[in-house]
Amino acid sequence: MSDVGFPSASRAATVVPARSRSVAAAELAGIPWASGLDAVERERVQADMRVVQVQAGELVCRVGRPVTYWFGVIDGLLKMSNDSAVGMPITFTGVPPGGWFGEGTVLKMEPYRYNIQALRKSLVGGITAQTFHWLLDRSIGFNRFVMMQLNERLGQFIAAREIDRLTDPDARVARSLAALFNPVLYPGVGHLLRITQQELGYLVGLSRQRVNEALQALQTAAVIRVEYGGVRVLDLEALRRYGRGA
DNA sequence: TCATTAAATTGTT
DNA sequence: AACAATTTAATGA
């Protein structure tokens with residue numbers, strides 16, 4: 001449960017040996033919002049971006065910590081827990097590859113409002129808040145990405161509240177999966193989401209057995225296909241509507 | 001590259 | 001929660 005090796009302004013750089021590295025140009029091309037940048041912007045981002053591998057259970061950022069980076073999942077799976085400082089945890093959201101988060105807090109330069117922890121060994125990238133703002137000031141494509149991101153996430157939170165009220169476990173699993181397959185928020189996922197049934201159970205709040213049962217039902221309904229270590233979506237629209245009227 | 005072994009994940013009780 | 005079956009990853013010839 002230690003912090004990751006992003007050099008936070010105050011201490012981490014001295015406590016944790018630099019586990020972060022820079023990115024190659026080829027890797028940068030795989031990052032969703034990087035394709036819309038011009039050469040100058042891309043160069044600065046490449047110089048600024050740090051990539052670090054986090055182990056399962058490690059915290060990427062903690063509530064109340066000063067904002068230093070805008071983060072994104074390059075590979076793996078993170079869990080965003082939106083718990084209040086003292087109270088009970090409120091919502092759990094999975095963050096699959098292609099997901100970038102924290103722009104709300106980076107924008108306002110407020111402390112982080114969530115805990116983000118790795119559900120499995122993951123590769124996380126980040127750019128500094130300074131570079132984030134620099135991009136906002138000059139790249140229209142970047143602005144468009146962030147705007148889409150904010151808008152889409154709003155929809156996600158509304159959907160998440162609805163999922164919490166659902167009683168049918170199959171429907172809960174279906175909707176949660178649909179959220180993870182969101183092509184706007186998580187362009188890195190594609191049609192095959194790498195997630196174990198154990199991890200899914202942890203996100204949805206169900207036992208692994210029940211998740212397995214739900215996945216089988218969804219597969220029978222020809223909405224998804226269950227694969228080893230992952231789920232393939234066959235009909236995203238049907239997955240979103242599952243448990244409601246067709 | 002292939003065969004063997006260990007580890008992870010799944011399906012079932 | 002425990003178990004067996006299956007799939008993947010790691011290892012070494």
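Here is how names work: the chains are called A, B, and so on, in the same order as the sequence lines, proteins then strands, and each is numbered from 1.
Ion pairing between A/D75 and A/R194 fails under the 4.0 Å rule for side-chain N and carboxylate O. The pair A/R44-A/E41 does not count as a salt bridge, with every side-chain nitrogen at least 4.0 angstrom from each carboxylate oxygen. Ion pair A/R175/A/D170 not flagged as a salt bridge, since none of the NZ, NE, NH1 or NH2 atoms sits closer than 4.0 Å to an Asp/Glu carboxylate oxygen.
Computed from coordinates, the A/E227 CD to B/dG11 C1' distance equals 16 Å when rounded to whole Å. Computed from coordinates, the A/R194 CZ to B/dT10 C1' distance equals 14 Å when rounded to whole Å. The nearest whole Å value for the distance from the CG atom in A/L215 to the C1' atom in B/dT12 is 15 Å. Rounded to whole Å, the distance from CG on A/L119 to C1' on B/dA8 is 15 Å. In this structure, CD of A/Q216 is placed 11 Å from P of B/dT10, rounded to the nearest angstrom. Straight-line distance from the CG atom of A/L192 to the P atom of C/dT8: 11 Å, rounded to whole Å. A/K121 has its NZ atom 15 Å from the P atom of B/dA7, to the nearest Å. One atom, CG of A/L200, and another, P of B/dA8, lie 20 Å apart when rounded to the nearest Å.
Look at A/N212 and you'll find a side-chain N or O under 4.0 angstrom from OP1 or OP2 of B/dG11. Under 4.0 angstrom from either OP1 or OP2 of B/dT9 there lies no side-chain N or O belonging to A/Q198.
Ring orientation note: the planes of A/W100 and A/W70 are tilted relative to one another, at an angle of 30° to 60°.
Residues A/R208 and A/Y228 each lie close to DNA chain C; by heavy-atom proximity, the contact nearer the 5' end of the strand is made by A/R208.
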